[in-house]
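Accompanying notes for the structure given below.
So that the names make sense, note that chain A is the first sequence line, chain B the second, and so on, each numbered from 1. Keep in mind that what you see is a predicted model, and the values were worked out from it rather than measured.
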Amino acid sequence: MTTKSEVNVVKGSTRRKSLRITNFFKKLLGNWSGFVGFVIIFLLIIISIFGKQIAPYDPMYTDFTKKLLPPLTEGHLLGTDQLGRDVLSRIIVGARVSVIIGLVTVLVAGTFGTIVGIISGYFRGWIDVVLMRIVDVQLSFPFILLVLVVSAITGTGLRNIIISLAIGGWVIFARVIRSEVLAIREKEFITACVATGVKRSHILFKHILPNLITPIIILGSLQIATYIIAEASISFLGFGVQPPAPAWGNMLSEGKDYIFSSWWLITFPGIAILITALGVNLFGDWLRDTLDPEFVE
Amino acid sequence: MSKERLLSVSGLKKYFEISQGMFKPKIVVKAVDDVSFDIYKGETFALVGESGCGKSTTGRTILKLTEPTAGEVLFKEQNIAKLSYETMRKLRSQMQMVFQDPYASLNPKKTIQQILMEPLNVHKKFEPHERLNKIIDILKVVGLSEAHLHRYPHEFSGGQRQRIGIARAVILNPDFIVADEPVSALDVSVQSQVINLMLEIQKKLQLTYLFISHDLSVIQHMTDRVAVMYLGRIVEIANTEELFASPKHPYTQALLSAVPISHPKEKRERIVLEGDVPSPANPPSGCTFHPRCRFASDICKQIAPSAVAFSDTHMATCHLYNLEGEKK
């Protein structure tokens, strides 16, 4: 009896999981914008992993005989820059910076912000007041200004960019997660847990946290685009990824001097940023609608 | 019925403070105001009243789901009103609750197995390998089956969910269950199923119920004793038969006259109460019922009545009667 039902348990859960994954793709295929977003993100991840292999030229190789070639000349699909480097190769290799920054920052900022939000929302009292006033103070600064100030202190480089973006970005998570926790802790099933005699820590981690996963995923997917754009902005301003290493932001920054003679230097990295932000936002929007059971298509 | 006292509530008060802004005084809502009663082992004790009269708050305060403002709650002669979360937590295996809304009281992210496993894990009941069988047993008791173990709450109907809620409450084999309007969210055909299930389980496990409801026909069907609440106070307590046969308090009389009569030729005086329930934030002076009472006199507006005993088991608080229980 016991063994039989245990077997059923295992079978049931795996079947359910595979069912959920097929359901996920079925829903994705049924939604045009969500599917486009998913494809963009998928391609971006592939490019960022295999960038060096995909790129037609070495992104750092300079050739002054071939500088500032317009697109579609001498085998350079998107032209070359002022040092004769292939723009397409630099965009492809630079994608890795954007993806790493988007993902890692969202992990760091999301984790820290969620912890603060949960503490604030669950325990209330003076700690809530203190934490939320800190959030208020930080929210009153423009995000990009704060990131600039922090990166001026921490310095340049990938790690420091992530740190400064995370310092600028955790407050959004703290705010949103706090309000979610406030809503969930008043739900009857939490009262039911108290009535059952569940430990407080257990209520927090086993009952409140699973109900937070949906908002965390949605907010995270939307924030990734913000971080990628912010990285491009601070690289453009000279605080981010340092040349000659390729990143979309510093490509824009270097290209701006040639804006009237060689339009392709800033246009293509700009389009890359646009498509990435669009893809992540489309997917995030779709995710929000799909994970919300009350949303009817 | 044995007369062993299981639960004793005395002078229970629960006040809610509502802030109106920084410079205005706080409003105090007396949701439960000086409520006292005893519940004996094995009986079903009902709390009845209009919505907003404090019956749910009373039930929740007894289980310390909200902290009482004042008063004592003796459970098996131990005062639980002042216990800490942790000590109370261990006692909770003996006192459980069935909630009003079966849609809100089950965690939507958990399967039925997880929901029913939790109380067993928390209180370390049974050996770990026995727990699954115990869950399957209890599912059968409430009319569900093993096939439902891996489903999520949204895959069930309201009646099924409420039976899962009952299963969660009884799986620890408690002595006392607070049932907070367990059937009011269900449609009538399912109501009787759930009520009969509760009665069946009560017999099997020798449970004591505190049954909170506004449905008098349900109360007449399943309870032994009734306390009628109005604006946070108990106005009348009696055995169910006694109360339905000779209600003493004008409010109880009005409530009972609203129960539909099953025989078309039977005639009964219909007492219609005028106006709404006054706000518990600003209750009327004297007897709180006087603005709506058809027998109200001057004394009712000034002095709150004290309890009058009509028999050992029947009490009401009304100025209509003298202390010997006769009509003035």
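- Between Ser120(A) and Leu131(A), the shortest heavy-atom distance links the atoms OG-CB, 4.0 Å.
- For a residue to count as touching a neighbouring chain, one of its non-hydrogen atoms must lie under 4.5 Å from one of that chain's; by this rule Leu63(B) does not touch chain A.
- Salt bridge present: Asp175(B) and Lys76(B) bring a charged side-chain N and a carboxylate O closer than 4.0 Å.
- Of all the listed residues (His123(B), Glu130(B), Met97(B)), the one sharing the greatest number of non-hydrogen pairs under 4.5 Å with chain A is His123(B).
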Step by step, would you call Lys140(B) with Asp137(B) a salt bridge (Lys or Arg N to Asp or Glu O under 4.0 Å)? CA-CA 5 Å; Lys140(B) 282 177 186 153; Asp137(B) 289 348; 5.3 Å; no
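- Using a 4.5 Å cut-off between heavy atoms, Met88(B) makes no contact with chain A at all.
- The most heavy-atom pairs under 4.5 Å with chain B, out of Lys187(A), Lys206(A), Arg200(A), come from Arg200(A).
- Between Trp286(A) and Phe283(A), the distance separating the two ring centers is shorter than 6.0 angstrom.
- For His154(B) and Tyr103(B), the gap between ring centers reaches or exceeds 6.0 Å.
- Each of Val122(B), Asn121(B), Val178(B) has some count of heavy-atom pairs under 4.5 Å with chain A, and the biggest count is that of Val122(B).
- Proximity to chain A is absent for every atom of Lys90(B), based on heavy atoms less than 4.5 angstrom apart.
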